[in-house]
Amino acid sequence: MKPTEHTLRSVADLHASGLIRAEQVAELEKVAARYAVALTPAVAGLIDPADANDPIARQFVPETAELETRPEERSDPIGDDAHSPVEGIVHRYPDRVLLKLVHVCAVYCRFCFRREMVGPGQKHALTPAALEQALAYIREHGEIWEVILTGGDPLVLSPRRLQGVMGQLAAIEHVKVLRLHTRVPVIDPERVTPALVRAITAFGKAAYVVLHVNHARELTMEARAACARLADAGLPLLSQSVLLKSVNDNAQALGDLMRALVECRIKPYYLHHGDLAPGTAHLRSSIGEGQALMRALRGDYSGLCQPTYVLDIPGGHGKSPIGPNYLEALGEARYLVEDFRGGRHGYPPAAG
Ligand code: SF4
């Protein structure tokens with residue numbers, strides 16, 4: 001493709017950059033009218049337009065299949081709204097809340113589970129009054145042990161604004177852990193400046209960064225260097241990936257991704273089953289395929305390379321692990337346990 005210095009934000013940009021053909025423009029305009037489009041230069045530069053199945057293009061370049069919404073798909077697939085007591089807060093589990101500071105991202109993923117809620121057509125960020133109300137909710141709820149900054153992508157905020165919010169959260173005595181979910185270090189690594197790193201670490205409260213990465217090719221030298229800046233500052237790094245058709249739905253691609261993450265000191269945390277977001281059926285694999293891939297990982301890749309395969313239950317019921325089961329109960333507390341080659345072995349009942 002033609003190199004770009006700017007984020008591509010329209011179908012015309014994609015065409016001018018050689019990422020789509022002229023005959024695709026009219027149909028893709030309909031997709032872009034409904035779902036936001038953005039590809040940073042780092043992402044656009046990774047795409048091979050000659051490869052019809054390019055795993056980076058598949059994640060970020062719109063497709064006409066997005067115009068088809070299936071009956072089972074929902075605008076709020078994981079049920080955030082049902083658990084939102086005040087604007088910007090999702091309180092689904094007792095000890096933690098999501099704090100959605102911004103409604104924009106540096107890129108827009110074609111499979112995004114919040115695709116109806118993020119994008120330039122939405123409010124950019126919480127207003128100061130809404131932010132104060134969200135912080136008040138956290139202060140008033142002593143059971144909140146962890147705050148997860150998500151959105152939108154919290155690392156699109158300026159370091160000054162992010163540091164301001166981190167400082168207010170760090171000052172809440174019962175909040176012990178802050179977690180930031182982001183794609184920025186990988187898809188816009190230059191944003192990870194010393195000032196941004198300081199904004200996260202300045203207050204000495206435990207902070208974790210969870211990076212969203214779906215293919216090993218996303219971890220370029222620049223992305224690896226940005227992740228190293230975070231890790232070197234003492235921030236534990238975790239990953240979340242989405243199981244995506246023709247991106248990472250084969251054992252080699254998934255294993256390569258997990259190894260690349262571990263090499264970057266990022267511990268694979270979650271492999272999400274694709275959510276029922278509208279217009280994303282063409283990107284979803286089956287649960288059976290996901291389980292088979294998890295079995296393949298278990299045998300051939302280090303224990304460090306094993307994420308938990310999870311499904312967010314539609315309706316807001318939370319995440320459940322849906323990986324393969326290796327244990328079968330045989331009557332009264334006797335078990336058969338399966339090894340990584342498929343061999344099955346008896347295990348004795350518990351003593352006493
Ligand atoms: S970065 Fe996250 S919130 Fe933003 S579009 Fe991608 S999946 Fe959605």
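Every heavy atom of this structure was used, including side-chain atoms; hydrogens, water molecules and symmetry mates were not. For ligands, and for the atoms within them, numbers begin at 1 and follow the listed sequence.
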Ignoring hydrogens and angles, write down the donor-acceptor pairs under 3.5 Å from the side chains of residues 250-261, residues two or more places apart or on other chains.
unit_1, atom_1, unit_2, atom_2, d
Asn250, OD1, Gln252, N, 3.2
Asn250, OD1, Ala253, N, 2.9
Gln252, NE2, Asp256, OD1, 3.1

- Query: When you measure from the centre of the six-membered ring of Tyr35, is the NZ or CZ of Arg115 under 6.0 Å away and within 45° of the axis?
  - Reply: yes
- Cluster link Tyr108 to Leu211, ILVMFWY, side chain under 4.5 Å: yes
- Same apolar cluster: Val213 and Tyr301, side chain cutoff 4.5 Å: yes
- Note on the structure: Taken to the nearest 0.5 Å, the spacing of Ile138 CD1 from His91 NE2 works out to 9.5 Å
- Environment of atom 8 (Fe) of ligand 1 in terms of protein N/O/S atoms, cut-off under 2.8 Å: Cys112 SG
- Once the angle between the rings of Tyr335 and Tyr347 is folded into 0 to 90°, is it parallel (under 30°), tilted (30 to 60°) or perpendicular (over 60°)? tilted
- heavy-atom search around atom 2 (Fe) of ligand 1 in the protein gives His212 ND1, 4.2 Å
